[in-house]
Amino acid sequence: MAEENKSSLDALSALCKRRGFIYHSSEIYGGMPGFWDYGPLGCELKQNVKQAWWQFTVRGREDVVGLDATIIMHPRIWKASGHLDTFADPMTMCKDCKKLMRADQVKDIYADQKKKPQPKVAGAEFFCPYCGGELTEPKPFNLMFKTVVGPIDDPSNVAYLRPETAQAIFAQFTNVTATSRMAVPYGIAQMGKSFRNEVTPRNYTFRSREFEQMELEFFIRPDEAIELQYGHVVTLADKPDLNGPVQDDWGWEVWHKYWVEQRKKFLNAVGLPTERFVEYWQKPDELAHYARACVDIEYDFPFGRQELEGIAARSDFDLTQHQIHSKVPQTVFDDPLKQACKKLTDEQKAAFVAKTQKDWLDRKQKAQSAKAGKEIVFSADEAAAVAAQAKAFCENLFDGKYVPHVIEPSAGVDRLMLALLCEAYEEQALTDEKGKADVRTVLHFHPKVAPVKVAIFPLIKKDPDQDRIAREIFAKLQKKVNCQWDVSGAIGRRYRRQDEAGTPWCITVDAQTVQDGTFTVRERDSMTQSRMTYGEFLAKMYEALEF
RNA sequence: GCGGGCGUAGCUCAAUGGCAGAGCUCCAGCCUUCCAAGCUGGCUACGAGGGUUCGAUUCCCUUCGCCCGCUCCA
C-alpha cells in the first residue's frame, strides 16, 4: 500500500512535469531544494484556486475585506509576534546517531523516554536523549530568511522575509478598521507568498521554503462583551444554525466552528469531497499557549495524512502583542456595547467583574494544567495579577472598548493544489470495442479549477470550412475562459492529451457543423459525446463554473 | 549538517576502454481522422571537474545534484 502510494506520487509528479504543471526551481543549475515553479498549466490551476478562495472568502461576503501587504516588514513585527524568538531555535545534533533536535527540548525528550540512556561521556549533563551520545554545540537555526534593507550590510538593517502573511493583517488592523467602514465582527483576508527556511523540505511541493498562503483573520468581540450586551452568549451547546446568516450573539466557540464549516464548504466547492479529508481537533495539551482551539483539516496524501489548513481561535493574543510592542492601542470602540453598559448598576458591574475574574483564573489554570499534564494552582500573587488584568479589561468594556479576538482560517495554496492534483489523478484501465486494453491517464479537476476549460479541434484540419468555424468558436470562447487549440494527430490522441491536462470539455467541429452549426462536446470524465449548439454549450459550461 | 540510495534523450531502459541505441512522448508532414496503436522525417543524453590511457560514458579520485530517513505544523 505504501509502495503503491509512493509510486502514485511518482507518477503524478512525472505527469506534472510532462504536462507543465510543476518544475523544479532553477533546474538547469541543478535545482534548489524546497523551491518549485509552476508551469503553464500549473499557474492556471493556481490562479483558479486563489480566485475561488477570494471569491468564496472575500467577494462573496459582506463582512470580509482584502489586504495585499509587503513581504518584508518592520523587523519588530516578528519580535511582537514571537517568530523572532520561537523561530530561532537552537538546534543540536547527536554525533553518534545523527538525530537532529531542538537543544531546549533535549531534557523533555529525555523525560519522555521509556528507556533512559546513560551518557556515553561520564558525567555529561548535555547528551543525546536517544542513545546517550555526545551532542554538538547548539547552533541557532532561524526559520526566517534574513535579508538586509538599504545600502549598508549592517545588523541594524536586518529584515526578514515574512514566515506567514497573518502578521501583516494584524499590523494593518487599525488602518483597515478606520478606512473600510467595517466593524467587528469582520474579517481581513490576504493571499501571498511566505518563506520558511525549513530544515528538511520534502514530499514534493508539500513542505516548500517559498510557498503561498491564503489567510483570513476574522475579528470578533470577546465573549464578555456579548454577555454584557445581550445577557447571554451563544455556545455550541445551544446548537446554533451554522448554515444560516451569522448572528451577533455568537461566542468565539460558535464563530470558530462556523469557520470550520465554511472552510469545508470551500474545499467541497473546489473538488475535495468531505469524505476525503478529516477534521482534527487539537487536544488541549497540543494547543499553542494563546490558542483556545485549533482544527486541522487533513488530507490523505500518498505520503501520509497531512495538514491542508488550520482554523485557530487565537483569542486577542496577536493584537495585544502588537499593542504592547508598538504602543499603539489596538482596541476598537463599540458604541452598542457602551450604551448597553450605561444601563448597568454599580452592583451589576461589580458582579460582572467578579465573575470575569473567576472565569479568567479558571481558564488560565486549566490551560496550564493541560500543558503541564498535572494540576496547576496559581500562587496568590499570580492570581492577583490575573484578577487585576480581568478588572482592567472589564472597565474598558464598560467604556465600549476592547481588543478584538480572532479566528484564523489559514490555508496553503500549494498544499491545496497538491491535494487537488492527487485527488484528480487517475489511471483508467480501458478496453475498446475490439477488446484491446488501454490505459487512460486523466485529471478529474472540478471545472472551476481546471487549468484549461475547453479545447477546440477541427475534426479534419485540412478542411477549410471546419478549420474556419472551429477558429471562430475558439476566438469567441477565448474571451471568456482559458481554451486550447489543437490540430495535431488523430482526434483520439487530442482527447487523451486534454485528459492529462484535466480539460473538462472538448469541442470537435465536423462536416455537420458546417451545415447546422452544432458540434460534438466530449466530456472528460464520462468520455461521452453529445451534439449541441454554441449557446447550449455556454449555458452548460457556465452552470458548472458558477460558485 | 549526517547516513542510505541514485545520476545515459522529456520519460522508461540498453550497450561499450574505440562513431552511444531502442520504445514511448514531443515536433513537422502524409492519410476524408470522433478516443493515444498507420506511414515518412526531425529534435534531444553519458551531471561536473580532474587523473590513468593513444583514446574514458565505461577504470580511479573529487565535486555537484536528486530521492529517502532525522517530532519544521500553510
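Note on naming: letters A, B, ... go to the chains in the order of the sequence lines (proteins, then strands), and numbering restarts at 1 for each one.
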Both distances under 3.5 Å, Watson-Crick or G-U wobble: report the partner of [N], or none.
N      : value
B/rC11 : B/rG23
B/rU33 : none
B/rC54 : B/rG18
B/rC72 : none
B/rC66 : B/rG5
B/rU40 : B/rA28

Nearest heavy atoms of A/S410 and A/E309, plus distance in Å: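 Here A/S410 and A/E309 meet closest at O-CB, 3.1 Å.
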
5'-most by nearest nucleotide on RNA chain B - A/K17 or A/E500: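 In this pair, the answer is A/K17.
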
Pairwise 5' ranking along RNA chain B for A/K462 and A/D499, keeping only the more 5' one: A/K462

Nearest-Å distance, [atom1] ([X]) to [atom2] ([N])?
X      : N      : atom1 : atom2 : result
A/R207 : B/rU71 : CZ    : C1'   : 10 Å
A/E427 : B/rU12 : CD    : P     : 14 Å
A/I460 : B/rC34 : CD1   : P     : 8 Å
A/L15  : B/rG10 : CG    : C1'   : 13 Å
A/F303 : B/rC72 : CZ    : P     : 17 Å
A/M144 : B/rC73 : CE    : P     : 13 Å
A/F301 : B/rC73 : CZ    : P     : 17 Å

Nucleotide nearest A/D510 (side chain, heavy atoms from C-beta), chosen from B/rC34, B/rC27, B/rG29: B/rC34

Shortest side-chain distance from A/R497, nucleotide among B/rC73, B/rC26, B/rC72: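 So the nucleotide nearest the side chain must be B/rC26.
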
Do the two ring centres, one from [X] and one from [Y], sit under 6.0 Å apart?
X      : Y      : result
A/Y299 : A/F277 : no
A/Y23  : A/W36  : no
A/W485 : A/F474 : yes
A/Y258 : A/W255 : yes
A/Y495 : A/F457 : yes

Side-chain N,O (A/R196) to OP1/OP2 (B/rA74) below 4.0 Å: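 Answer is yes, contact under 4.0 Å.
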
Polar pairs (N or O, both sides) under 3.5 Å between protein and nucleotides 38-45 of chain B?
none

Parallel, tilted or perpendicular, as decided by the 30° and 60° cut-offs, for the rings of A/W259 and A/F218: tilted

